[in-house]
There are 2 protein chains.
Amino acid sequence: MPKSVLRPTVPAESAPLSAHDRVYRGLRQQIMHGELPPGHALTLRGIGKSFGVSMTPARESVRRLSAEGALTLSASGRVTTPELSNERIEELASIRALLEPELGSRALRRAHLALIDRMDIINDANARAVNQQNPVEYIRTNLEFHRTLYLRAQSPAMLGLLETVWLQLGPTMRALYTRLRRTTAPPHHRLILEALRAGDDAALRLALRTDVTQGLRHLQA
Amino acid sequence: MPKSVLRPTVPAESAPLSAHDRVYRGLRQQIMHGELPPGHALTLRGIGKSFGVSMTPARESVRRLSAEGALTLSASGRVTTPELSNERIEELASIRALLEPELGSRALRRAHLALIDRMDIINDANARAVNQQNPVEYIRTNLEFHRTLYLRAQSPAMLGLLETVWLQLGPTMRALYTRLRRTTAPPHHRLILEALRAGDDAALRLALRTDVTQGLRHLQA
DNA sequence: ACGCTGATTTCGTGATCACAATTTTCCATG
DNA sequence: CATGGAAAATTGTGATCACGAAATCAGCGT
């Protein structure tokens, strides 16, 4: 594979993206966006083939993702997406309920109108995904709505931690959202946007917390 | 499934521990306990040799640890322990200040006297490490003091997240503790123990928060 | 003494392979 | 028709290798 020939003048702004990175990002997105159900089995050779690489980068990606809780390794090394117990789901939800209000609060001071408008647009796409009953698109836009806000918090470590929590919840969220097909958009997104416009810290924290906890508690029924 | 019959002479109680796991655990402990200064360079071949394995398990361990923020990969793939900016240190400290009071509070309901006694003993060892001005032993016993409490919270995901934060801070804590050799044990451990004995949730949360923030703020001078 | 350039060494990456263990398949037996 | 177990296919593990890129070093010139 004459890779250097095929990449004559690499656009300097973007990294060349190693094989491992492509596989990692691809798998990570599939998992976080709920494209895989809980308990879905994967193989290193299969992953490698679907990304056009050998086992080696596939294995590294799997190790990395399993370290983040996005994949489960059985005792014999078999790879599956995690099947979370109810206890674990509740714990992850409570972590979200702890981190997200904090991130929102930090972002509030730096949020300007352009940001809120952008979130509004994303929220529309989210509502559309609900109408289409498209779980993957719903999860994707929902996460993008939150991440757009949290990026303004300028707290990369905290956001990174939160993303690993989202990652762990990906397959479970898919299962829950496909099981009971919801027909109404998450109601608290409006409250979040209002609190942002008003610059009301307490209201924003509350809206974020209830959005997270209600969203998951509503599904555990 | 008569697997136990077919198994030759494996010690049943402990997993065989794959090469990758041994390397991962070994490196992780070195980093978390502050045995390596910030910016310390590592090589895959060197890691492999020091653990008696080939590059492959070494590489997987490094990938995993870098995913957790315990190691930094340069653009060319070079491996070093992270050199944290002051901003990053503050952010990680505020994450600790967010998670640790929550974990402590959850543990409080389940904490019995034997646990507090154990923490007392660990705290003595911690004070001894201060007198000996032994940074590694100080960090180790300090973390063990906290972890002993948080294990009772029965919140493995939250504790896991916290440990990755500790991991990221390992080399920096070593640098800080060796730079200014402190001569007095952390004063808030007493407050933590008192709050535990009194069953006072608010006091425990406060003591944990100040222990975390003061501990790091005291060193940034 | 200092800086630059070219050679050499070191290093990470990704592919491939042998091997052992597991899982699956399939057929014979009750 | 179910069931048990042997054979075959599949899978993860770890070692090794070639390759290109990066870092280190040597030697030269200024």
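In what follows, chains are A, B, ... by sequence order, proteins preceding strands, each numbered from 1.
Pairs passing the ring pair (Phe, Tyr, Trp, His ring centres under 6.0 Å) check and including a residue from residues 24-68 of chain B, sequence neighbours excluded, do not occur. Within the structure, every pair that satisfies the ring pair (Phe, Tyr, Trp, His ring centres under 6.0 Å) test and touches residues 115-145 of chain A, not counting sequence neighbours, is listed here: A:Y138-A:Y177, A:F145-A:H189.
Rounded to an integer number of Å, the gap from CD1 of B:I47 to P of C:dT10 is 17 Å.
In terms of the side chain to side chain contact (heavy atoms under 4.5 Å, CB included) criterion, residue partners of A:A70 (sequence neighbours excluded) are, by chain and number, A:I31, A:L65, A:L167. The side-chain hydrogen bond (donor to acceptor under 3.5 Å, both in side chains) check on B:R118 picks up nothing, with sequence neighbours excluded.
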With B for base contact, S for sugar-phosphate-only contact and - for none (protein heavy atoms under 4.0 Å), nucleotides 9-16 of chain D reads --BBBBBB

Distance-only donor-acceptor hits, side chain of residues 97-105 of chain A, under 3.5 Å, sequence neighbours excluded:
| from | atom 1 | to | atom 2 | distance (Å) |
| --- | --- | --- | --- | --- |
| A:E100 | OE1 | A:H146 | ND1 | 3.0 |
| A:E100 | OE1 | A:Y150 | OH | 2.4 |
| A:E100 | OE2 | A:R96 | NE | 2.6 |
| A:E100 | OE2 | A:R96 | NH2 | 3.0 |
| A:E100 | OE2 | A:W166 | NE1 | 3.2 |
| A:E102 | OE1 | A:R205 | NH2 | 2.7 |
| A:E102 | OE2 | A:R106 | NE | 3.0 |
| A:S105 | OG | A:D201 | OD1 | 2.6 |
| A:S105 | OG | A:R205 | NH1 | 3.0 |

